[in-house]
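The structure appears right after this line, and notes come after that.
All ligand and atom numbering here is 1-based and tracks the order in the structure. The first residue in the sequence is number 1, and the count goes up from there.
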Amino acid sequence: MADQLQRPYAAAACLLLLQYLTGGISMSIPDPKYREALIKLETSMQTGGQLVLNDAERRLDSLLFTMKQKEIARPDFPPTMHFFKARHLIRTSPIFNLLKKMPKGGALHVHDFSMVDVEWLVKNVTYRPQCFMCVTDKQSIRFIFSSQLPKPLPHCSPWTLLENLRAKMINITDLDNSIMGNLTLFTDEDPETVYPSQDVVWDRFEQTFLALWGLVTYAPVFRDYYYQGLTQFYMDNVMYLELRALLPEIYELDGSTHDAAWTLKTYQEITRQFTADHPDFYGARIIFTVHRGVNITTMKGVVEKAVKLRRDFTDVMAGFDLVGREDRGRPLWYFREALSLPKNVILPFFFHAGETDLEGTEVDQNLLDALLFNTSRIGHGFALPRHPVAKNISRKRGVALEVCPISNQVLKLVNDMRNHPAAALMLENHPMVISSDDPAMFGACGLSYDFYEAFVGFGGLRSNLGTLKQLAMNSIKYSSLTPEQQKKALALWQRRWDEFVSNNVF
Ligand SMILES: *[C@@H]1O[C@H](CO)[C@@H](O)[C@H](O)[C@H]1NC(C)=O
Ligand SMILES: *[C@@H]1O[C@H](CO)[C@@H](O)[C@H](O)[C@H]1NC(C)=O
Ligand SMILES: *[C@@H]1O[C@H](CO)[C@@H](O)[C@H](O)[C@H]1NC(C)=O
Ligand SMILES: *[C@@H]1O[C@H](CO)[C@@H](O)[C@H](O)[C@H]1NC(C)=O
Ligand SMILES: *[C@@H]1O[C@H](CO)[C@@H](O)[C@H](O)[C@H]1NC(C)=O
Ligand SMILES: *[C@@H]1O[C@H](CO)[C@@H](O)[C@H](O)[C@H]1NC(C)=O
Ligand SMILES: [Zn+2]
């Protein structure tokens, strides 16, 4: 019965096919012109899609397109792999080498004690005199510089002067490598085995941080570290920095300490010195941060301190943020009273929010809450596509996301970079910048590795030179600089951009 019913249709289809093949009638194939128009429309909607490129830029763009096609065809395409395994491949990539030379504007999401590669810390800092080390119960290490034998630390072996320890060693390289291994998450071993879960990788992250602490909070090192950090970003063609800084107590060899105002002033002085030494570097500003593990009373005190520092150092201090793992710490809403300010008080917020995959939890509400507190930007915003209302507000108010791809991968929110949620956001020109979070922790440096993952990984074949140009300009547009400062910074950037383009087209 069914067969008989279908037979007339089959006959009709045959007839139609015949007529089509012989050009008898037109089938309803979608109009190719309409299709072309839709493709163009979609391309014009992406980040940079509205930019008109000049002749030289168009030539560089087609060069980039060819390079990217080749890169994507590789059987060992780096963005599909964990960054620790991909790094050596990325280093030989022609696109990466171009991205290194590209003027990238500002780095707007970087933390104070992960700016400088750890080799410098080991080779330079731990070789300075009066450096003591101890080994904890958990096989992590701690440091302190001191003119005399320091007080013992709980759960740590007795302090040993590194100088003496090295003098006794047959092979110093092994010791230096083990120190280096303690100061970064990067490893040559299989990262999936070493860090099987978010809990494990975050625990190591926090241990690593404690290991660094005694080195980088020693006053002479603190100054050199920051100068060296600026140097590494500058060498990577970054011209401006907004640094999230804890402004901790900084100590001297005799054990005396300096307060947060001293630390902020030191940041200001070193930034001035660096810009004087490198006139094509625009400068840096500080976002004061506190760990989200503190209680409400402490938070109230810290916010008061932040307001005062912002009033006394308006030039250098951009605002305030909370740091630490969102999934473990308290949500923003828990601190709502401490974070509420009288109408006449100014303290811009730059909240980390949505660095989570725990959809629907209290922590997952941080995105919306950050926006309700009028945050100036959103740190990460990894979960934003799952919050249509927050996404709308962020777009309408121009609250940019600080997208840090390598950080998200190492901290286990995404494996294959092609699946990063920012892919969709970049295709609709959602306000965003690319940053590197804690480059030294991840074995990266400056911004170029993260630009690579964004451009080649989740940017796919669609993102182009316009995308890169827009992302660099976004880093100035969404910075905390005043409109006049932005104009100056943009002019400085534009000169370097034009140079970059003309130096790389032949
Ligand atoms: C360590 O770094 C400081 C500051 O950058 C520099 O002056 C010094 O020469 C370096 N020392 C070594 C041994 O590399
Ligand atoms: C020290 O150890 C490293 C790594 O284990 C090795 O590559 C190096 O050759 C050793 N150096 C000496 C002088 O034995
Ligand atoms: C950290 O240092 C300790 C002591 O030297 C060492 O046993 C341990 O293997 C190091 N950890 C890493 C991850 O390198
Ligand atoms: C909050 O934390 C501080 C510092 O850790 C502590 O001194 C204080 O007792 C705590 N307050 C409350 C109410 O828990
Ligand atoms: C956020 O900004 C809006 C509009 O300027 C204002 O009405 C609101 O009070 C602000 N909210 C907070 C928590 O500051
Ligand atoms: C987002 O905004 C658009 C236009 O402004 C509106 O049409 C849409 O309903 C909004 N969506 C949500 C989820 O708020
Ligand atoms: Zn961060």
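- Between Phe281 and Tyr234, the ring-plane angle classifies as perpendicular under the 30° and 60° cut-offs.
- The option from Asn295, Val294, Thr297, Thr298 that lies nearest to atom 8 (C) of ligand 4, judged by heavy atoms, is Asn295.
- Counting protein heavy atoms under 4.0 angstrom from atom 5 (O) of ligand 2 gives one or more.
- Closest to atom 7 (O) of ligand 3, if we only count protein heavy atoms, is Gln139 OE1, 2.9 Å.
- In terms of polar-atom proximity, Asp174 is counted as a contact of ligand 2, with an N or O under 3.5 Å from an N or O of the ligand.
- Judged purely by atom type and a 3.5 angstrom limit, Arg142 has no side-chain atom pairing as donor or acceptor with the backbone of Gly214.
- For atom 2 (O) of ligand 2, the closest non-hydrogen atom of the protein is Asn171 ND2, 2.3 Å.
- Judged by distance alone, with hydrogens and angles left aside, the side-chain atoms of His278 form a donor-acceptor pair with the main-chain N or O of Phe274 at under 3.5 Å.
- Not a single donor-acceptor pair under 3.5 Å links the side chain of Lys123 to the backbone N or O of Val118.
- The structure places CH2 of Trp333 at 10.5 Å from CG of Leu339, a figure rounded to the nearest 0.5 Å.
- Atoms of ligand 3 found under 4.0 Å from any heavy atom of Ser178 (numbered from 1 in listed order, with element): 1 (C), 2 (O), 5 (O), 10 (C), 14 (O).
- In this structure, the protein non-hydrogen atom closest to atom 13 (C) of ligand 3 is Gly181 O, 3.6 Å.
- Polar contact with ligand 2: absent for Asn177 (N/O pair, distance under 3.5 Å).
- There is a protein heavy atom less than 4.0 angstrom from atom 10 (C) of ligand 2.
- Checked against Leu447 for a side chain to side chain contact (heavy atoms under 4.5 Å, CB included), the options Val238, Val433, Leu471 give a single hit: Val238.
- Contacts between Ile170 and ligand 2 below 4.0 angstrom, taking non-hydrogen atoms only, are absent altogether.
- Side-chain atoms of Arg285 and Ser480 include a donor-acceptor pair closer than 3.5 Å.
- Using a 4.0 Å cut-off between a side-chain N of Lys or Arg and a carboxylate O of Asp or Glu, Arg128 and Glu163 do not qualify as a salt bridge.
- When the heavy-atom distances from atom 12 (C) of ligand 3 to Asn182, Ile141, Thr208 are ranked, the shortest goes to Asn182.
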